[in-house]
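See structure below.
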Amino acid sequence: MSGKCTVLVALLLAAGGSAALAQNANKALLDESRTAANQIVSQVRSELMKELERTGPVRAITVCKYSVPEITSNISRQTGMRVTRVALRPRNRALGEPDVWEQRVLLDFENRVAKGEKADGLEYHEVVEEPAGRVFRYMKALPMVQPCLLCHGPSNQISEGVRTLLATEYPSDKAVEYNLGQVRGAVSVKKAF
Ligand code: HEC
C-alpha cells in the first residue's frame, strides 16, 4: 500500500470512528430525552387525573397552572436538559409559545396526522447549530385524548365553570376547539453538548 493510500485509509477510519462516536452520543441523548418526555407525560397525567376524579375540571385547572410548571422545572433540574411543553395555539403564551424550530416540528406533526399518521408516538430529533453552540433537540407529540376535551375541546363540550375560569386566567387562550386524535402540543427537550 502506498504511503498516500495508508494516510487516506487512516483518515477514513478516523472519520468513520468519530461519526460512530457522534452517533453513540446522539443515541444516548435521544434515550435521555425520551425518558424525560415520558416522565413529564406520566407525571402530568397522574396529577391531572387525580384532581379530575377528586374535584373535577375547574379545580384541575389549578393543577395545570401551578403543578405542571413545577413538574417541568423539576425534571429539567434533575436531567440537566431544558424540558418544556409547547403548542402552536398555546393557552399560556409565557410558557407554551414555540420557537421557530419548534413551530416547524409542530407543523410537521400536524401535517403527518392530516395524512393519516397517529399523533400518539410522533417524535423528532435533530442536532442544531445555534449561535450559542451545538444543541440536541427532541420533540414528542401530545395527542388529544378523552380527558383533554374537558379543557381543550370544542367549546360546546367545555363546562361553563371551566370556560369562565379559563377566560379570567387566560384571556388570550388559543388552546380550545381541538378534537380527539389531533396534536394538542408537544414536549420539547433541548440540551447543549
Ligand atoms: C382541567 C383542565 C385541563 C385538562 C383536562 C387538560 N389541560 Fe392542558 N392545559 C390546561 C391549562 C390551564 C393549561 C395552561 C397551563 C399553564 O398555565 O402553563 C394547559 C396547557 C397545556 C399545554 C401547554 C401548552 C399551552 O397550551 O399552554 C399542553 C401541551 C396541554 N395543556 C396538553 C394537554 C393534553 C394533551 C391534555 C389531555 C391529556 C390536557 N392538556 C388536559 C388545562 C387542562
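Start at 1 and go down the list; that is how both ligands and their atoms are numbered. No experiment lies behind these values; they were computed from the predicted model shown.
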With a 4.0 Å heavy-atom cut-off (strictly under), which part of Asn92 contacts ligand 1: side chain, backbone, both or neither? both
Is the closest basic N to carboxylate O distance between Arg89 and Glu177 below 4.0 Å? no
Using a strict cut-off of 4.0 Å, indicate which atoms of ligand 1 neighbour a heavy atom of Leu95. 18 (O)
Side chains of Gln43 and Ser67, heavy atoms from C-beta outward: is any pair under 4.5 Å? no
For the backbone of Ala175 and the side chain of His152, can you confirm whether one donor and one acceptor N or O come within less than 3.5 Å of each other? yes
Going through the distances and angles, do Ser172 and Arg93 end up as a side-chain contact (heavy atoms from CB on, under 4.5 Å)? CA-CA 8 Å; Ser172 62; Arg93 289 198 58 190; 3.9 Å; yes
Would a distance-only check, ignoring hydrogens and angles, find a side-chain to backbone donor-acceptor pair under 3.5 Å from Ser76 to Val83? yes
Can any side-chain N or O of Arg137 pair as donor or acceptor with the backbone N or O of Glu126 at less than 3.5 Å? no
For Lys65 and ligand 1, does the shortest N/O to N/O distance drop below 3.5 Å? no
Which atoms from ligand 1 have a heavy atom of Ala60 less than 4.0 Å away? 1 (C)
Just by modelled atom types, is the Asp99 backbone N or O under 3.5 Å from a matching donor or acceptor in the Glu102 side chain? yes
Numbered in order shown, the ligand 1 atoms found under 4.0 Å of a heavy atom of Pro147 are 5 (C)
Which residue and non-hydrogen atom of the protein lie closest to atom 21 (C) of ligand 1, and at what distance in Å? Arg85 NH2, 3.1 Å
Six-ring centre of Phe109, Arg104 cation under 6.0 angstrom, axis tolerance 45°: no
Which ligand 1 atoms, with their elements, are less than 4.0 angstrom from a heavy-atom of Pro57? 1 (C)
What is the nearest protein non-hydrogen atom to atom 29 (C) of ligand 1, stated with its residue, atom name and distance? Leu142 CD1, 3.5 Å
By number and element, which atoms of ligand 1 are closer than 4.0 Å to a non-hydrogen atom of Pro143? 35 (C)
Nearest non-hydrogen protein atom to atom 17 (O) of ligand 1, with distance, is Tyr170 OH, 2.6 Å
So, the side chain of Arg163 versus the backbone of Ser155: is there a donor-acceptor pair under 3.5 Å, distance only? yes
Tell me, please, whether Tyr138 has Arg34 positioned over its six-membered ring: NZ or CZ under 6.0 Å from the ring centre and within 45 degrees of its axis? no
Tell me the protein N, O or S atoms under 2.8 Å from atom 8 (Fe) of ligand 1, in chain and number order. His152 NE2
Would a 4.5 Å heavy-atom cut-off, applied to side chains only, mark Glu117 and Leu122 as touching? yes
